[in-house]
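Data block below; observations after.
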Protein chains: 4
Amino acid sequence: MRSHTGRRRNEQARRAILDAAVDLLLRAELPDISIERIATEAGVGRQTIYRWWPSKGAVLAEAMAERAEAAAPLPDTGTLAEDLRLFLRATFRTVGTEPAAGLLRALLAEAQRDPHAAAALEAFTAGRREQLRTLLERAAARGEVAAEADLAVLVEQLYGVLWYRLSITREALDDGLADRLAGAAVAQAAGSRSAG
Amino acid sequence: MRSHTGRRRNEQARRAILDAAVDLLLRAELPDISIERIATEAGVGRQTIYRWWPSKGAVLAEAMAERAEAAAPLPDTGTLAEDLRLFLRATFRTVGTEPAAGLLRALLAEAQRDPHAAAALEAFTAGRREQLRTLLERAAARGEVAAEADLAVLVEQLYGVLWYRLSITREALDDGLADRLAGAAVAQAAGSRSAG
Amino acid sequence: MRSHTGRRRNEQARRAILDAAVDLLLRAELPDISIERIATEAGVGRQTIYRWWPSKGAVLAEAMAERAEAAAPLPDTGTLAEDLRLFLRATFRTVGTEPAAGLLRALLAEAQRDPHAAAALEAFTAGRREQLRTLLERAAARGEVAAEADLAVLVEQLYGVLWYRLSITREALDDGLADRLAGAAVAQAAGSRSAG
Amino acid sequence: MRSHTGRRRNEQARRAILDAAVDLLLRAELPDISIERIATEAGVGRQTIYRWWPSKGAVLAEAMAERAEAAAPLPDTGTLAEDLRLFLRATFRTVGTEPAAGLLRALLAEAQRDPHAAAALEAFTAGRREQLRTLLERAAARGEVAAEADLAVLVEQLYGVLWYRLSITREALDDGLADRLAGAAVAQAAGSRSAG
DNA sequence: CCCTAAACGAGACGGTACGTCCGGTCTTAAT
DNA sequence: ATTAAGACCGGACGTACCGTCTCGTTTAGGG
């Protein structure tokens with residue numbers, strides 16, 4: 001009884017496909033990148049892509065997830081304001097510049113029509129929200145956050161601005177914005193205290 | 001020198017095209033609506049679409065802009081909290097349910113690849129931000145907002161949450177969220193005072 | 001009861017259309033000339049063409065008929081051989097060179113799909129056959145032709161070679177061919193005598 | 001280095017395309033048969049036609065060449081008159097009736113605008129001329145033809161009549177014509193003798 | 001001198017076909 | 001069994017024309 005026969009998955013092909021997808025995004029030559037082009041670029045048969053990924057969105061999602069793996073360690077300076085400032089600056093630097101920005105935009109577009117991409121994007125962003133939530137709760141544990149503060153909403157506000165600028169206004173995601181946003185978040189988290 | 005010669009644009013055709021585009025979005029039959037299908041659905045030659053719109057995104061954008069024309073009048077209850085609550089509830093009700101939600105999602109996707117759609121979406125959202133900004137500044141004039149509060153960022157936070165849920169998490173945009181968001185915004189606007 | 005009211009046909013437009021059709025053929029830029037292009041070239045509304053001609057083939061036919069009006073006078077040297085030689089040389093010179101050659105080819109093509117063009121071509125060629133037939137019968141009256149000679153077939157043979165070269169082999173229609181053909185025709189007309 | 005990879009050409013698809021082309025010609029439903037219709041009729045993707053043929057004319061040409069492959073064996077009765085009579089009768093019977101007549105007319109029209117069709121038609125007719133030339137030279141070897149007779153021209157005369165009737169006058173290509181033409185050709189070939 | 005009528009240039013309309021590109025499936029020979 | 005190659009059917013793309021249908025303008029008698 002064989003446990004597995006036949007040729008094994010070719011890791012080089014996998015790499016070539018993901019790299020080709022990102023390369024095409026970077027070059028941003030044409031409005032959209034096709035499976036056809038990815039295969040040609042990667043020097044790979046089209047079927048090899050279909051064998052391992054259910055859709056183009058899934059390829060992009062894997063490419064993105066891979067690049068994002070090196071998640072920045074959460075800063076821990078002791079104050080919410082500083083932690084948030086550092087976290088947002090680091091996030092914006094990665095996500096606000098090419099190639100990541102283009103990748104995310106393409107993935108967002110793809111997610112609107114491809115459920116696989118939607119699921120991948122949701123999973124990815126859920127991890128990010130979790131991370132930010134952790135940062136906020138650490139501050140709450142230190143007593144920097146009012147009891148009534150709605151941390152879940154705050155997380156969505158912060159990432160909301162990021163995606164809003166990425167996909168709609170295309171305004172810069174720079175350090176200045178990170179600082180303003182950190183300030184606003186701190187005001188919101190703390191401010192309810194005086195309102196309470 | 002003649003000012004205009006030849007047959008005039010057929011308003012019925014224009015209507016049929018925009019309506020067909022929205023109808024297709026509503027039915028959401030296929031992941032993407034093609035110009036071909038819009039033309040067939042509208043009982044119109046394909047060229048008639050190409051004659052008046054530069055791209056599919058431009059058709060969707062015009063369809064959306066038209067539906068959005070009936071902008072809700074800004075509430076004016078005298079308090080920021082209540083104004084915001086009403087405004088967000090009204091906005092979420094329109095935008096968070098079909099057909100508007102699907103239209104916006106499709107337009108967002110299209111805007112990532114089609115500059116015409118991108119421009120149309122940016123113009124549309126700029127108008128919305130302006131409106132919300134007006135609401136906030138009225139409150140500021142009443143002294144409800146701390147001097148240091150960053151209203152521009154606040155506007156982006158609120159709409160950011162809306163689009164984030166629409167396009168990424170697909171969580172409901174309900175009255176509960178509107179209220180929480182209004183609360184958070186008030187806290188942020190007022191809260192800086194204690195931080196100041 | 002009025003006999004005719006309203007503006008009269010514009011002769012300049014007619015001329016411009018026929019000239020544009022021939023010009024386009026000459027330039028032979030693209031595989032085929034469209035009504036659209038003729039109209040643009042002629043600086044004329046498309047409807048003006050449709051008003052006066054039933055099809056593109058009819059325009060070409062009229063253009064050709066007009067050019068062919070200046071029919072060469074039948075030579076009359078006293079011998080069949082010489083008459084035929086001169087007639088074929090003159091015909092080949094006109095028809096074997098541009099623009100006439102292209103016009104005839106285009107008309108032939110059009111006649112295969114457009115009944116109007118077919119009728120016009122048949123009428124035109126019938127006139128030509130008549131002419132050649134006259135030449136042959138003059139020789140017969142002089143006793144140069146055997147009684148059994150089939151003049152109708154001979155006419156078709158001569159014009160058959162012309163069109164065969166024009167449309168299929170595209171070999172030159174030069175003086176040499178005219179002379180060989182004249183010789184062959186004389187042999188055929190006279191030759192039956194010995195066979196009789 | 002591989003000699004050939006990938007799926008092989010589907011012979012059934014090739015057959016279906018050629019058959020559909022001929023079928024459409026037969027039915028002669030529309031003045032012109034489009035690639036679109038051939039593909040639909042054949043149950044084949046449009047690209048499959050473009051992959052293997054450079055133009056519509058090339059498809060028609062291949063369809064015709066295939067039908068013509070079963071070339072009638074040259075008759076060999078011992079006399080030019082009889083050989084020619086039989087050859088022309090057989091040729092006219094094939095070519096003068098549908099579907100062949102329509103096919104040839106369509107191909108002739110196509111050849112006036114499509115170089116591929118022109119080349120195919122020239123190649124096809126060259127073969128036919130060769131055949132007829134052989135028949136004539138066999139008679140010459142038997143001494144039935146005058147030394148000065150211009151066999152090349154005679155071949156063009158005979159096929160010229162065929163195409164002239166096919167494409168211009170559309171008169172019948174019947175046995176009677178074959179016989180008259182054979183008689184005329186014999187007169188021409190032999191007649192030069194008395195003229196010499 | 002207007003009135004009616006037709007022809008004019010322009011150009012929008014619903015369509016058909018073009019030739020290209022891509023999607024997702026399949027077949028082939030090689031590994 | 002997987003791979004690169006590549007043919008297959010299907011179908012959308014954006015363009016070119018088709019023949020028809022308005023438009024407003026121009027030109028010509030007839031009243």
Side-chain angles (χ1 to χ4, degrees), chain A residues 2 4-10 12-13 30 32-37 39-40 42-52 54-56, chain B residues 2-10 12-14 16 30 32-37 39-40 42-52 54-56, chain C residues 1-10 12-13 30 32-40 42-52 54-56, chain D residues 1-10 12-13 30 32-37 39-40 42-52 54-56:
Chain A
R2 304 185 203 170
H4 183 276
T5 63
R7 192 167 174 180
R8 301 310 161 74
R9 178 169 186 181
N10 182 346
Q12 289 180 309
L30 290 189
D32 43 6
I33 50 178
S34 60
I35 295 237
E36 183 110 21
R37 282 172 66 82
T40 304
V44 138
R46 218 138 19 105
Q47 195 61 270
T48 302
I49 298 182
Y50 287 113
R51 206 181 338 265
W52 300 110
S55 70
K56 181 170 58 183
Chain B
R2 304 180 185 181
S3 60
H4 182 276
T5 65
R7 192 174 177 172
R8 303 309 163 73
R9 180 172 186 177
N10 182 348
Q12 289 180 309
R14 184 177 157 278
L30 290 189
D32 40 7
I33 44 179
S34 60
I35 295 242
E36 184 107 22
R37 281 176 66 81
T40 304
V44 138
R46 212 134 28 97
Q47 195 63 42
T48 300
I49 299 182
Y50 287 114
R51 203 181 341 263
W52 300 110
S55 70
K56 181 170 58 183
Chain C
M1 177 112 308
R2 305 183 193 178
S3 61
H4 182 275
T5 62
R7 191 174 178 175
R8 302 309 163 74
R9 180 171 186 178
N10 183 347
Q12 289 181 310
L30 290 189
D32 43 6
I33 52 177
S34 60
I35 295 239
E36 184 109 21
R37 283 173 66 82
I38 294 176
T40 304
V44 138
R46 217 138 17 107
Q47 194 62 272
T48 300
I49 298 183
Y50 286 112
R51 205 182 338 264
W52 300 110
S55 70
K56 182 171 57 183
Chain D
M1 183 103 311
R2 303 181 189 182
S3 59
H4 182 277
T5 64
R7 191 173 177 175
R8 302 310 161 74
R9 180 171 187 179
N10 182 348
Q12 289 180 309
L30 290 190
D32 40 7
I33 47 179
S34 60
I35 294 242
E36 185 108 21
R37 281 175 65 82
T40 304
V44 139
R46 214 136 23 104
Q47 194 63 41
T48 300
I49 298 182
Y50 286 112
R51 200 178 347 260
W52 300 110
S55 69
K56 181 171 57 183

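Letters A, B, ... are given to chains in the order of the sequence lines, protein chains preceding strands, and every chain is numbered from 1.
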For this session: Just compare E:dC8, F:dC21, F:dT2 and give me whichever is closest to any side-chain atom of A:R51.
Result: F:dT2
Exercise. After noting the C-alpha distance and the side-chain angles of A:T48 and A:R51, does the key distance pass the side-chain contact (heavy atoms from CB on, under 4.5 Å) rule?
Worked result: CA-CA 5 Å; A:T48 302; A:R51 206 181 338 265; 3.9 Å; yes
Problem set entry | Closest to the C:R37 side chain, choosing from E:dA10, F:dC17, E:dC8 | F:dC17
Exercise. Please give, in whole Å, the distance from E:dT27 C1' to A:Y50 OH?
Worked result: 16 Å
Problem set entry | Separation of F:dA4 P from A:N10 CG (nearest whole Å) | 6 Å
Exercise. Taking the nucleotide of DNA chain F with the closest heavy atom to each, which residue, A:V44 or D:A42, is nearer the 5' end?
Worked result: A:V44
Exercise. Is any N or O donor-acceptor pair between the side chain of B:R7 and the base of F:dC21 shorter than 3.5 Å?
Worked result: yes
For this session: State, yes or no, whether a side-chain contact exists between C:R37 and C:T40 at a heavy-atom distance under 4.5 Å.
Result: no
For this session: Tell me which of C:G6 and B:R9 sits closer to the 5' end of DNA chain E, going by the nucleotide each one is nearest to.
Result: C:G6
Problem set entry | Atom-pair distance (CD1 on C:I49; C1' on E:dA7), nearest Å | 14 Å
Exercise. Below 4.0 angstrom from OP1 or OP2 of E:dG14, is there any side-chain N or O of B:T48?
Worked result: yes
Problem set entry | Minimum-distance pair of heavy atoms, taken over all atoms of B:A16 and B:A42 | O-CB, 3.4 Å
Exercise. Can you tell me how far P of F:dT26 sits from CD of C:Q47, to the nearest Å?
Worked result: 19 Å
Exercise. On a plain distance test, is the side chain of B:E36 in donor-acceptor contact with the base of F:dC13 below 3.5 Å?
Worked result: no
Exercise. Between CZ of D:R8 and CG of D:N10, what distance do you get to the nearest 0.5 Å?
Worked result: 13.0 Å
Exercise. Whole Å only: how far is the CH2 atom of B:W52 from the P atom of E:dG11?
Worked result: 11 Å
For this session: Nearest-nucleotide wise, let me know which of D:R8 and D:I35 is further upstream toward the 5' end of DNA chain E.
Result: D:I35
For this session: Give the rounded distance in Å between these two atoms: CD of B:Q12 and P of F:dC21.
Result: 16 Å
Exercise. Between B:R46 (CZ) and F:dG14 (C1'), how many Å, whole number?
Worked result: 8 Å
Exercise. Are B:R14 and B:W52 in a cation-pi setup, meaning NZ or CZ lies under 6.0 angstrom from the ring centre and within 45 degrees of the ring axis?
Worked result: no
